[in-house]
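Shown next, in structure tokens, is the structure this report addresses.
Note that this is a predicted model, so its numbers are computed, not measured.
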Amino acid sequence: MLNEYVYCPRLFYLEHVDGLFAHNEHTLDGQRVHHRVDEKPTPLHSPGDDSEHSDPEPETIHARSVTLASERHGVIAKLDLVESTGSMATPVDYKRGKPKVSDDGSLTVWDPDKVQLAAQALVLRDNGFECDEGVIFFNQTRQRVRVPIDEPLLQFTIDSIRRADRARQARRMPPPLVNSPKCPGCSLVSICLPDETSFFSNTETGSTNHEKGGQRVNGRTQSWLFDVGPRFGANRYDPLQPARRPLRQLLTPRDERRPLYLNQQGLSVGVRSEVLQIREKGKTIRTVRLRDISQVNLFGNIQVTTQATSALLGAEVPLIYYSYGGWFRGMTQPVGLKNIFWRREQFRNADNRQFCIHLARQLVSGKIRNQRTMLMRNHVEPQRPTLNLLKRLSRDAENCRDLDRLLGVEGMAARSYFENFDGMLKSRHGDPMEPVVSDVSDTPFRLDFRHRNRRPPRDPVNALLSLGYSVLAKDLTIACAAAGLDPYLGFYHQPRFGRPSLALDLMEPFRPLIVDSAVLSVVNQGMVTERDFISAGKAVALTTNGRKSFFQCYEQRMNQVITHPLFGYRVSYRRMLEVQVRLLARVLIGEIPDYPVITTR
């Protein structure tokens, strides 16, 4: 961690204070390099152990994976290798890369590695050894580089220990590095979001609290319209306008892992050698590697063995449970929500009425704008009065002073939007202005839309919408938990037992963009037909094959790579959800002044 602090104080804070960690190819390669060192630890004898012997040429002893502590300096060190000869000890630290080449062509060591080695020397000295130099072994070039442990290096190391300890106790995340070449190779870049945070917090001017248009919230200045600094060439941040130039593409456009959906009744899930085995009546019908899946979704009567559950927990893959009809019941995941400091800020802001109303206004206004965009893009003949009404309601939402009034504005917008929803469902034959007429004589269902109904949905399109909203709420619940926030404490949706209010808050602007779009695609492209629905009383639900088709279309939408409307780089909708949750966390801790709602044109 001391190495991380010297390399990047923000990285140190995320890993050591917030307890966040992620692997990339560099960390996995480093883990492999250290595997042999840690495999067989050997003890290190203190200088006094051999005091009875007066051997003129004492033997050099090699001790691996040695853990020592220094109470005086407040550090604990796990030394990869210690070469000791009598009272003299030399720490050897293994690194995966290659040494630094100085101006004169000699090999040297990077500053963070020097400090790490000097800290090991301090610990050895406090345990009775003499230590005048250390060694870095670079695995890539198979070279050893010696580092003298002199007084300037020791003093810098002691100062770094003190600064790191102060940063830990301050409970305030250091600002991100600005346009640093260190960021692209960092494993936490998708959690840290250095360029995205700098874009909103104006770290180039050294300030994250902007007075213009701001107000005090929980002792911090929150600015609803704020300057973004000269680098971006704009006087005010406008969430409707894209960034003037794209930011660096530091995070991957999409996660290579995919969700797994199981909705065939009677299946069972086991595991063998890091591979999930999906069985039907005792026969394996499919195998999936754990490393290839990001979540497992179970609908209805599907059994999971204890061994499979344990393996999923170990791989940090959440197990999500739904009713057969698609109601989100809950999930099994590793012990989450470890970031108590972020949650504490979340709870403080949730008790602040002003903060809740402002965030809710942004979310609802963004949702209405996206609904209007959907009608303009997909309706066979968008009605100008409807578009004008939605435009006015989005502005009204921004000016609401209480949540009840905002709920009324959202309800009016939803009614107007869904009154025109049928115009986006286009027939696969005939006049597109005519409602879809079933070609199947033995089914009572019609793939048209009259009005929104739910709990339970009473027609096929409403069944698709309800299932899609449930799945999207699940995805945001997982994203909130992964970011260290409590999914059940929201700001617009007030707390209610068993309701993931924060996930419902954040999904508002994404309902039209993701779920409604997926429903239109699955109907208009004929991926589901009237035969893919069943009824039970007044309720209508999808069959197993119908759900399979919808999940395929939903995942296609989630993995679709688009240009981010704010940052200018290419990213999938699923990755965008993760970024939005982490940006909200930055707002809660006061690092950026306002939450950027995603809207499209």
Taking every non-hydrogen atom, the tightest pair across [X] and [Y]:
{"X": "Gln383", "Y": "Asn420", "answer": "CG-OD1, 4.0 Å"}
{"X": "Leu584", "Y": "Leu485", "answer": "CD2-CD1, 4.5 Å"}
{"X": "Gly490", "Y": "Ser501", "answer": "N-CB, 3.5 Å"}
{"X": "Gln295", "Y": "Asn297", "answer": "OE1-ND2, 3.2 Å"}
{"X": "Pro509", "Y": "Asn370", "answer": "O-ND2, 2.8 Å"}
{"X": "Tyr417", "Y": "Pro512", "answer": "OH-CB, 4.3 Å"}

How many angstroms lie between [atom1] in [X] and [atom2] in [Y], if you round to the nearest 0.5 Å?
{"X": "Arg369", "Y": "Arg395", "atom1": "CZ", "atom2": "CZ", "result": "8.5 Å"}
{"X": "Ser394", "Y": "Leu389", "atom1": "OG", "atom2": "CG", "result": "10.0 Å"}
{"X": "Asn559", "Y": "Tyr554", "atom1": "CG", "atom2": "OH", "result": "10.0 Å"}
{"X": "Gln346", "Y": "Cys480", "atom1": "CD", "atom2": "SG", "result": "7.5 Å"}
{"X": "Leu363", "Y": "Met507", "atom1": "CG", "atom2": "CE", "result": "12.0 Å"}
{"X": "Met331", "Y": "Leu298", "atom1": "CE", "atom2": "CG", "result": "13.5 Å"}

Under 3.5 Å, is there a donor-acceptor pair between the side chain of [X] and the main chain of [Y]?
{"X": "Glu410", "Y": "Ile368", "value": "no"}
{"X": "Glu280", "Y": "Ile285", "value": "no"}
{"X": "Ser549", "Y": "Val528", "value": "no"}
{"X": "Asp486", "Y": "Leu502", "value": "no"}
{"X": "Arg557", "Y": "Leu513", "value": "yes"}
{"X": "Asp505", "Y": "Phe491", "value": "yes"}
{"X": "Ser310", "Y": "Thr306", "value": "no"}
{"X": "Ser535", "Y": "Val540", "value": "no"}
{"X": "Arg361", "Y": "Cys400", "value": "yes"}
{"X": "Ser466", "Y": "Asn462", "value": "yes"}

Could you tell me whether the side chain of [Y] reaches within less than 4.5 Å of the side chain of [X], counting heavy atoms only?
{"X": "Phe550", "Y": "Val523", "value": "no"}
{"X": "Phe533", "Y": "Leu464", "value": "yes"}
{"X": "Leu406", "Y": "Ile357", "value": "no"}
{"X": "Asp396", "Y": "Leu393", "value": "yes"}
{"X": "Thr332", "Y": "Val304", "value": "no"}
{"X": "Leu465", "Y": "Asp516", "value": "yes"}
{"X": "Ile589", "Y": "Trp342", "value": "yes"}
{"X": "Val597", "Y": "Glu508", "value": "no"}

Using the side chain to side chain donor-acceptor pair (under 3.5 Å) rule, take Ser365 and Glu398 through it: C-alpha gap first, then chi angles, then the decisive distance, then the call. CA-CA 6 Å; Ser365 179; Glu398 295 175 349; 3.2 Å; yes

Before giving the answer on side chain to side chain contact (heavy atoms under 4.5 Å, CB included), spell out for His564 and Met576 the whole-Å C-alpha distance, their side-chain angles and the decisive distance to 0.1 Å. CA-CA 8 Å; His564 197 290; Met576 191 182 293; 4.1 Å; yes

Do the ring planes of Tyr322 and Phe299 sit parallel (below 30°), tilted (30 to 60°) or perpendicular (above 60°)? parallel

The test is side chain to side chain donor-acceptor pair (under 3.5 Å); show your working for Gln362 and His358 and say whether it passes. CA-CA 6 Å; Gln362 292 176 289; His358 173 72; 3.3 Å; yes

Working note: Lys548 + Thr544, criterion side chain to side chain contact (heavy atoms under 4.5 Å, CB included); need CA distance, chi angles, decisive distance, verdict. CA-CA 6 Å; Lys548 181 178 179 180; Thr544 299; 5.8 Å; no

Strictly by modelled atom types, are [X] and [Y] linked by a side-chain donor-acceptor pair under 3.5 Å?
{"X": "Gln552", "Y": "Tyr261", "value": "no"}
{"X": "Gln265", "Y": "Asn263", "value": "no"}
{"X": "Tyr573", "Y": "Asp475", "value": "no"}

Full working for side chain to side chain contact (heavy atoms under 4.5 Å, CB included) between Leu467 and Val471: CA-CA 6 Å; Leu467 177 60; Val471 175; 4.2 Å; yes

Mind checking whether Phe200 and Phe567 have ring centres under 6.0 Å apart? yes

For a side chain to side chain contact (heavy atoms under 4.5 Å, CB included) with Val275, tell me which candidate from Asp292, Val288, Leu290, Thr287 qualifies. Thr287

Is there a side chain to side chain contact (heavy atoms under 4.5 Å, CB included) between Gln556 and Ser521? Walk through the geometry before answering. CA-CA 10 Å; Gln556 286 177 351; Ser521 296; over 6 Å; no

Should Arg582 and Glu591 count as an ion pair when the cut-off is N to O under 4.0 Å? no

ring-ring contact (aromatic ring centres under 6.0 Å, His included) partners for Phe418, two or more places apart: Phe421, Phe449

